[in-house]
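Input: a single structure, listed below in structure tokens.
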Number of protein chains: 4
Amino acid sequence: MGSIQHPRRGDTRQCIQDVALELFAEQGYEKTSLREIAERLDVTKAALYYHFKSKEDIIVSIFKDLTRPVDGLVAWGLEQPRTLETKREILSRYSGMLTDAAPMFLFLEENQASLRDLRIGALFKERMTDIRELLEEPDAPLSNQVRCLSALFAIHAGMLTLGDDEGHPEERREAVLEVAFELVNRAHGVTE
Amino acid sequence: MGSIQHPRRGDTRQCIQDVALELFAEQGYEKTSLREIAERLDVTKAALYYHFKSKEDIIVSIFKDLTRPVDGLVAWGLEQPRTLETKREILSRYSGMLTDAAPMFLFLEENQASLRDLRIGALFKERMTDIRELLEEPDAPLSNQVRCLSALFAIHAGMLTLGDDEGHPEERREAVLEVAFELVNRAHGVTE
Amino acid sequence: MGSIQHPRRGDTRQCIQDVALELFAEQGYEKTSLREIAERLDVTKAALYYHFKSKEDIIVSIFKDLTRPVDGLVAWGLEQPRTLETKREILSRYSGMLTDAAPMFLFLEENQASLRDLRIGALFKERMTDIRELLEEPDAPLSNQVRCLSALFAIHAGMLTLGDDEGHPEERREAVLEVAFELVNRAHGVTE
Amino acid sequence: MGSIQHPRRGDTRQCIQDVALELFAEQGYEKTSLREIAERLDVTKAALYYHFKSKEDIIVSIFKDLTRPVDGLVAWGLEQPRTLETKREILSRYSGMLTDAAPMFLFLEENQASLRDLRIGALFKERMTDIRELLEEPDAPLSNQVRCLSALFAIHAGMLTLGDDEGHPEERREAVLEVAFELVNRAHGVTE
DNA sequence: TATGAATGAGGTTTCATTCAT
DNA sequence: CATGAATGAAACCTCATTCAT
């Protein structure tokens with residue numbers, strides 16, 4: 001009476017994902033072994049394989065769960081008119097998602113090499129390309145394309161690279177968005 | 001008397017570095033084994049250990065050799081007046097170095113997780129911070145710091161992410177610099 | 001009210017045996033996992049353990065069910081006079097059983113190593129020895145013993161090794177029996 | 001001074017093959033783990049991988065080494081006239097090879113299932129087919145094909161199945177050949 | 001200047017099996 | 001009658017590294 005044996009309430013799958021992301025982010029994908037994940041959960045390695053069919057499957061599932069909002073954003077973006085206003089909205093929402101799932105995005109940035117030939121590599125690239133295409137105009141001059149791309153990277157850089165010593169998270173987001181907006185504005189010929 | 005077996009002359013050390021970087025960049029640091037490097041050189045693994053004392057030592061030596069110019073740039077920057085002109089010069093030179101050693105920089109970006117607890121991780125971060133500090137004004141508002149940081153990332157993004165289908169390398173560098181300049185200009189209050 | 005999920009009626013036990021033999025024959029005993037069997041039946045592994053107490057138990061039960069006729073044959077043989085006619089009858093009946101339970105016999109032949117230390121290994125050997133003893137005369141010269149043994153192997157070889165491209169099954173059985181008869185005839189000194 | 005450390009004189013590769021075949025024959029291919037082989041040699045598993053690139057590679061190398069004579073026999077057979085005399089010679093030589101490499105052939109027979117989808121499976125089948133084709137006449141009636149096939153199986157059966165209690169090895173070989181000859185004789189229409 | 005042989009640690013994965021529900 | 005969750009053991013294999021020669 002009283003569940004002493006299995007501290008996890010029933011959602012082991014979720015726990016695995018949580019711990020895994022934590023370790024992947026901390027140590028890198030390759031350097032994190034399933035043994036470590038299992039140990040930290042006080043579970044056997046085989047238990048992980050009950051819930052996921054491979055190491056790759058773990059990270060893919062986390063990725064899909066955490067980047068679902070981005071899919072929504074892309075879908076939404078495709079239905080909007082390609083105005084400057086839309087683009088700003090996209091950048092704004094995107095930066096919000098980045099805040100919410102910061103560890104995941106940081107992980108993605110730092111482990112590109114490891115993920116390249118996992119299924120996730122392609123998924124990530126696709127997602128980023130989708131967003132880029134919402135921002136860039138196909139026939140714009142190269143410098144404008146760089147501006148749009150940089151707007152995206154400014155968000156990533158500002159939110160992931162800037163440490164907590166440099167301002168409050170919310171402040172950071174504002175500053176980052178200011179710069180990102182500036183870049184797309186320019187790309188649209190809006191100088192001021 | 002003709003060197004049939006090992007086409008490379010006498011500088012095995014250099015050859016190892018070349019092949020290693022090639023493979024590290026292509027597959028990632030963790031996924032590239034010493035066996036692979038040795039095989040591609042048609043040499044035994046033990047031979048690698050004659051020239052380098054560990055796998056880490058290989059990558060560190062490559063890193064040091066290839067980022068030496070950046071050291072020079074930082075040293076030079078420290079002696080200059082902190083004018084806008086200086087900063088533009090720094091960005092310009094830095095983008096040149098990035099062009100010259102593109103594979104190395106791409107490798108660094110994609111393998112952050114792997115390098116984090118190698119000696120190299122710290123070195124890389126230092127170098128980037130040094131440059132940031134040459135660009136940023138310590139007491140400037142946060143948005144201006146983001147602008148400077150983004151200038152740096154714009155260069156990285158534009159030169160490493162943009163594929164060869166998007167314009168000629170030299171064109172790309174120009175476009176990238178245009179945007180980077182714009183960002184530091186703004187950071188200096190130069191609007192137009 | 002309609003059995004949608006499990007198309008097989010109520011006799012799960014039988015279904016397990018069928019699928020198991022199919023897979024064992026196809027892939028080998030060791031290489032067939034309980035997971036595979038369960039999956040093909042759309043049932044959980046634990047369900048298998050409800051019906052059988054171990055993997056070995058599954059194969060043993062199949063073996064016993066399918067080789068029961070051979071027991072009958074041996075029993076019958078023991079009651080007959082040891083005439084040539086009896087031996088031909090035995091070979092004939094045996095070849096019929098082989099036709100009926102071909103997959104099982106093929107499985108037995110191809111998995112001897114795996115079965116050796118399962119209870120089944122001994123059972124199989126016993127059964128074959130029983131039949132051999134019905135055919136061979138204890139004090140006959142060695143060459144005659146080889147003839148009898150070969151008669152048995154001719155049946156196995158002809159019916160299991162010969163592909164379906166080499167004649168119609170019924171034709172094959174006739175040809176095989178012709179040769180087997182020849183061999184026991186000779187063993188009995190009947191030359192022509 | 002004095003090689004105390006490594007009892008094996010330098011031909012570890014050969015030792016591995018010997019021990020491996022011994023264990024494979026004794027316990028079966030699947031049930032023999034590399035750990036066991038390594039332990040019996042007092043060597044680490046990794047050492048095995050220095051000499052062979054996989055478990056499969058070990059058995060394949062053994063197979064190739066030990067069945068090389070059969071290749072020679074087939075080559076020789078192809079150059080001879082397809083006379084009855086030639087066929088008897090083939091059976092005779094083949095039975096000799098079987099005596100020399102009995103453990104290997106026994107292993108092959110008992111582990112067909114395991115070997116089926118290893119490279120070795122195909123090789124083995126090929127070799128057997130080559131020999132069958134040297135014995136059989138393509139357009140002969142089915143019963144004659146069975147005779148030739150049975151001649152081959154008689155050799156296998158007699159030499160591998162018959163225990164050491166049933167006559168001296170050399171006697172067995174003679175008896176077996178007598179029966180095998182009888183079968184090909186018949187296949188050639190030679191009655192007496 | 002290099003090689004050949006080996007090691008020890010550890011990786012991911014799979015398996016037969018159990019048991020509370 | 002069957003499932004869902006988990007285990008412990010063991011499998012094959014790879015890696016960075018060492019050292020006598």
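Lettering follows sequence order; numbering is per chain, from 1. Both backbone and side-chain heavy atoms feed into the values below; hydrogens, waters and symmetry mates do not.
- Between A:H51 and the phosphate of F:dG4, there is no side-chain N or O to OP1/OP2 separation shorter than 4.0 Å.
- Whole-Å rounding puts the A:L48 CG to F:dT7 C1' distance at 12 Å.
- Put simply, B:T12 has no side-chain N or O that comes within less than 4.0 Å of OP1 or OP2 on E:dT1.
- When each of F:dT3, F:dA6, E:dT3 is scored by its nearest atom to the side-chain atoms of B:V43, the top-ranked nucleotide is E:dT3.
- Between C:F52 atom CZ and E:dA16 atom P the separation is 15 Å, expressed in whole Å.
- Between D:E39 atom CD and E:dG8 atom P the separation is 13 Å, expressed in whole Å.
- Helical stems in DNA chain F, defined as runs of 3 or more consecutive Watson-Crick or G-U wobble pairs with both donor-acceptor distances under 3.5 Å, are listed by first residue as E:2-21 with F:2-21.
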Each nucleotide of nucleotides 11-18 of chain F classed B (base within 4.0 Å of a protein heavy atom), S (only sugar-phosphate) or -, in 5' to 3' order, makes SBBBBBBB
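- Close to F:dC1, at under 4.0 Å from its OP1 or OP2, lies a side-chain N or O of C:Y50.
- For the atom pair CG of C:L123 and CE of C:M128, the computed distance is 14.0 Å after rounding to the nearest 0.5 Å.
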Steps toward salt bridge (Lys or Arg N to Asp or Glu O under 4.0 Å) verdict (C:K45, C:E39): CA-CA 8 Å; C:K45 269 180 295 175; C:E39 258 166 24; over 6 Å; no
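- Partners of C:E22 according to the salt bridge (charged side-chain N to carboxylate O under 4.0 Å, His left out) rule, which considers only residues two or more places apart in sequence or in another chain, are C:R40.
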Can you check side chain to side chain contact (heavy atoms under 4.5 Å, CB included) on A:E109 and B:E109, steps first, answer last? CA-CA 8 Å; A:E109 281 230 328; B:E109 282 230 327; over 6 Å; no
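- C:S61 and C:Q17 share a side-chain donor-acceptor pair at under 3.5 Å.
- Remark: C:I62 CD1 to C:M104 CE distance equals 7.0 Å, nearest 0.5 Å.
- Rounded to whole angstrom, the span from the CZ atom of A:R13 across to the C1' atom of F:dG4 amounts to 14 Å.
- What separates CG of C:L118 from P of E:dA16 is a distance of 12 Å, to the nearest Å.
- Distance C:I37 CD1 to E:dT14 C1': 15 Å, rounded to the nearest Å.
- To the nearest 0.5 angstrom, A:I59 atom CD1 is 10.0 Å from A:S114 atom OG.
- Closest non-hydrogen pair, A:G28 versus B:A113, comes out as CA-CB, 3.8 Å.
- A donor-acceptor contact shorter than 3.5 Å links the side chain of B:N111 to the backbone of B:Y29.
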